[in-house]
Amino acid sequence: MTEESKGEGKGESGKDPEKQLRLRVCVLNELLKTERDYVNTLEFLVSLDSGERDNECEGNKSAGSANVK
């Protein structure tokens, strides 16, 4: 294996460590943003589900009290 062929696998980003680091930071920031959005969406969905359950429980209570008469 020659010296030239050893360096071919690095590509252009291997020649500029600062640029590679900036790109990694961008990727990590995008991952963090995506994960935060995902968690916010899950929290929203859970709040909707718990709200529906509260309404179901209130409906059952009023239906139950109507049947007591």
Side-chain angles (χ1 to χ4, degrees):
M1 186 179 267
T2 66
E3 289 298 317
E4 287 179 14
S5 64
K6 287 181 185 176
E8 286 177 5
K10 289 184 178 179
E12 290 298 316
S13 62
K15 293 180 181 177
D16 188 359
E18 289 182 20
K19 181 179 180 182
Q20 189 176 21
L21 183 61
R22 285 194 307 271
L23 290 173
R24 286 182 180 185
V25 168
C26 287
V27 169
L28 290 174
N29 283 332
E30 184 64 28
L31 281 170
L32 281 172
K33 181 185 178 306
T34 302
E35 291 297 317
R36 285 185 184 121
D37 288 344
Y38 176 69
V39 168
N40 288 335
T41 301
L42 287 177
E43 288 173 345
F44 173 72
L45 292 173
V46 167
S47 73
L48 288 179
D49 185 54
S50 63
E52 288 178 11
R53 289 181 189 198
D54 290 343
N55 290 338
E56 288 176 6
C57 290
E58 289 175 9
N60 289 338
K61 287 178 186 174
S62 63
S65 63
N67 292 333
V68 172
K69 291 181 184 180

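Pairs passing the side-chain hydrogen bond (donor to acceptor under 3.5 Å, both in side chains) check and including a residue from residues 38-50, sequence neighbours excluded, read Asp49-Arg53.
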Anything under 3.5 Å between a donor and an acceptor, one on a side chain of residues 25-33, the other on a protein residue two or more places apart or in another chain? List them.
{"residue": "Asn29", "atom": "ND2", "partner": "Val25", "partner atom": "O", "Å": "3.3"}
{"residue": "Lys33", "atom": "NZ", "partner": "Asp37", "partner atom": "OD2", "Å": "3.1"}

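Side-chain contacts under 4.5 Å among hydrophobic residues (ILVMFWY), followed directly or transitively, place Leu48 together with Phe44, Leu45.
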